[in-house]
Trainee: 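This is the structure, below, for whatever I ask next.
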Number of protein chains: 2
Amino acid sequence: MSVQQRRERERAERHRLIVDAARELAESEGWGAVTTRRLSERVACSQPVLYSHFTGKEAIVTAVAADGIGELTVALRTARTGAACPAEALTALAVTYLAFARAHPALYEAMFVRRTSLEFATENSPEVLKAAFAEFLHTVGPLTGGRDPATLAELVWSALHGLATLDGTDRLRPDLAEDRLELLVDAVVSGGV
Amino acid sequence: MSVQQRRERERAERHRLIVDAARELAESEGWGAVTTRRLSERVACSQPVLYSHFTGKEAIVTAVAADGIGELTVALRTARTGAACPAEALTALAVTYLAFARAHPALYEAMFVRRTSLEFATENSPEVLKAAFAEFLHTVGPLTGGRDPATLAELVWSALHGLATLDGTDRLRPDLAEDRLELLVDAVVSGGV
DNA sequence: ACGAGAACGCTAGCACCGCTAGACAAGAGA
DNA sequence: TCTCTTGTCTAGCGGTGCTAGCGTTCTCGT
């Protein structure tokens with residue numbers, strides 16, 4: 001069994017290598033630069049090998065997206081749990097979310113802009129997605145004031161997503177970034193009183 | 001001069017034809033199906049002709065986006081001015097915006113998701129962009145309650161954009177769509193009191 | 001009326017894309 | 001040692017955005 005185990009481990013390593021290469025290439029040159037030829041070159045194998053790991057290019061993007069969502073979840077949890085009160089927790093979550101999107105634009109694009117095969121917002125959603133959304137639920141929970149938590153969480157997420165994407169494509173005034181964030185937090189908090 | 005005028009008119013007609021063909025193709029089969037070969041086929045000319053009208057494919061997408069933003073502006077103005085009070089105007093604007101995005105997903109993508117050469121949120125922005133943003137400004141104006149109108153307008157737009165895109169890519173619960181909208185309007189209105 | 005020249009659109013082709021068929025080599029088990 | 005499985009490679013398909021260079025057509029001065 002030692003041989004087979006080694007094979008599996010090497011396969012897993014290469015799997016990891018492909019996903020990381022795709023992510024790095026996307027982060028440095030955009031998803032347009034992520035081609036199967038360049039990927040296979042970076043992983044030091046031929047193109048068909050990629051297709052023995054993934055059904056196609058979209059599946060690779062999906063793998064990158066899942067990784068990113070896991071990392072975002074960790075960042076959001078750290079920010080949220082370090083706050084002194086619910087309103088501060090919401091601010092910390094929002095700041096962290098927007099900072100993540102700004103720091104990793106291509107990763108963010110894979111996570112929430114490009115179409116992937118990740119199933120969102122259903123019972124069958126992958127755990128990593130449920131965990132990410134749970135961060136929003138936990139954050140808005142104390143601030144609902146009679147409003148439905150799931151709806152409020154989706155609204156907050158949507159607002160942050162809109163801010164992140166419009167700002168990331170230079171469609172908003174950069175000088176108002178902080179004010180927009182403050183206004184958002186205030187609107188959510190005051191609406192729950 | 002009649003000849004030259006006829007030439008210019010025919011050129012303008014073909015320009016219009018290209019933009020319309022791109023839009024129709026995108027709406028029916030997505031932007032992935034919009035290729036220069038298929039476009040030139042629809043317009044009954046060769047590929048190089050496209051490049052005598054536009055610098056490249058991105059310029060065609062930009063032209064489609066500008067058209068769409070103009071149409072959205074008209075729809076928003078109609079909705080806003082037909083409302084009885086500021087809060088109702090905001091609701092009407094939001095409903096109309098989301099309905100537009102849902103009815104024309106590819107057009108919306110060109111307008112606010114894909115990178116185009118349209119310059120947003122600056123003094124040099126095209127008039128069509130200023131007019132669109134003015135609809136948001138006019139709508140939130142009576143609801144600011146001391147808040148900065150431009151910041152609030154950008155926030156409302158961002159929230160609607162987030163809702164439109166996340167909903168349009170099946171990342172939100174469809175059954176909560178109406179509740180999200182109601183919550184958004186309430187948060188904006190109550191935050192201004 | 002006619003030839004020169006410009007304006008314009010065409011064919012053909014470049015380098016690249018995602019993806020796959022089929023040849024080939026290396027290793028496991030009898 | 002021979003066979004067979006497993007895995008990878010080369011080569012290629014039909015497509016992409018875009019362009020060089022040729023040919024036609026049409027305008028205008030003589």
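Side-chain atoms are counted along with the backbone in the values below, which use heavy atoms only and exclude waters and symmetry mates. Numbers restart at 1 for each chain; the letters A, B, ... are given by sequence-line order, proteins then strands.
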Trainee: In whole angstrom, give the distance that lies between atom CZ of A:R11 and atom P of D:dT6.
Mentor: 13 Å

Trainee: A:W31 CH2 to C:dG18 P: how many Å, rounded?
Mentor: 12 Å

Trainee: What is the distance, to the nearest angstrom, from the CD1 atom on A:I60 to the P atom on C:dG18?
Mentor: 9 Å

Trainee: Taking 4.0 angstrom as the limit, do B:E154 and B:R147 come out as a salt bridge?
Mentor: no

Trainee: Round to a whole Å and report the spacing from NE2 of B:H53 to C1' of D:dT19.
Mentor: 17 Å

Trainee: I'd like to know if the side chain of B:W31 and the backbone of B:A106 have a donor-acceptor N/O pair within less than 3.5 Å.
Mentor: yes

Trainee: Compare every heavy atom of A:G56 with every heavy atom of A:Y51, then report the nearest pair and how far apart it is.
Mentor: CE2-CA, 3.8 Å

Trainee: Output the residues of residues 32-51 of chain B in contact with DNA chain D, where contact means a heavy atom of the residue under 4.0 Å from an atom of the strand; sort by number or write none.
Mentor: B:V34, B:T35, B:T36, B:R37, B:Q47, B:P48, B:Y51

Trainee: Assess whether a salt bridge exists between A:R180 and A:D167, defined as any Lys/Arg side-chain N lying under 4.0 Å from an Asp/Glu carboxylate O.
Mentor: yes

Trainee: Mind running a 4.0 Å heavy-atom check of residues 12-26 of chain B against DNA chain D and sending the residues that fall below it, in number order?
Mentor: none

Trainee: In Å and rounded to the nearest 0.5 Å, what is the CG to CG distance from B:L176 to A:D148?
Mentor: 6.5 Å

Trainee: Do the side chains of B:D67 and B:R16 get close enough for a salt bridge, i.e. N-O under 4.0 angstrom?
Mentor: yes

Trainee: Going by an N to O cut-off under 4.0 Å, is there a salt bridge joining A:K130 and A:E135?
Mentor: no

Trainee: Between B:Q47 and B:S40, do the side chains contain a donor N or O and an acceptor N or O under 3.5 Å apart?
Mentor: no

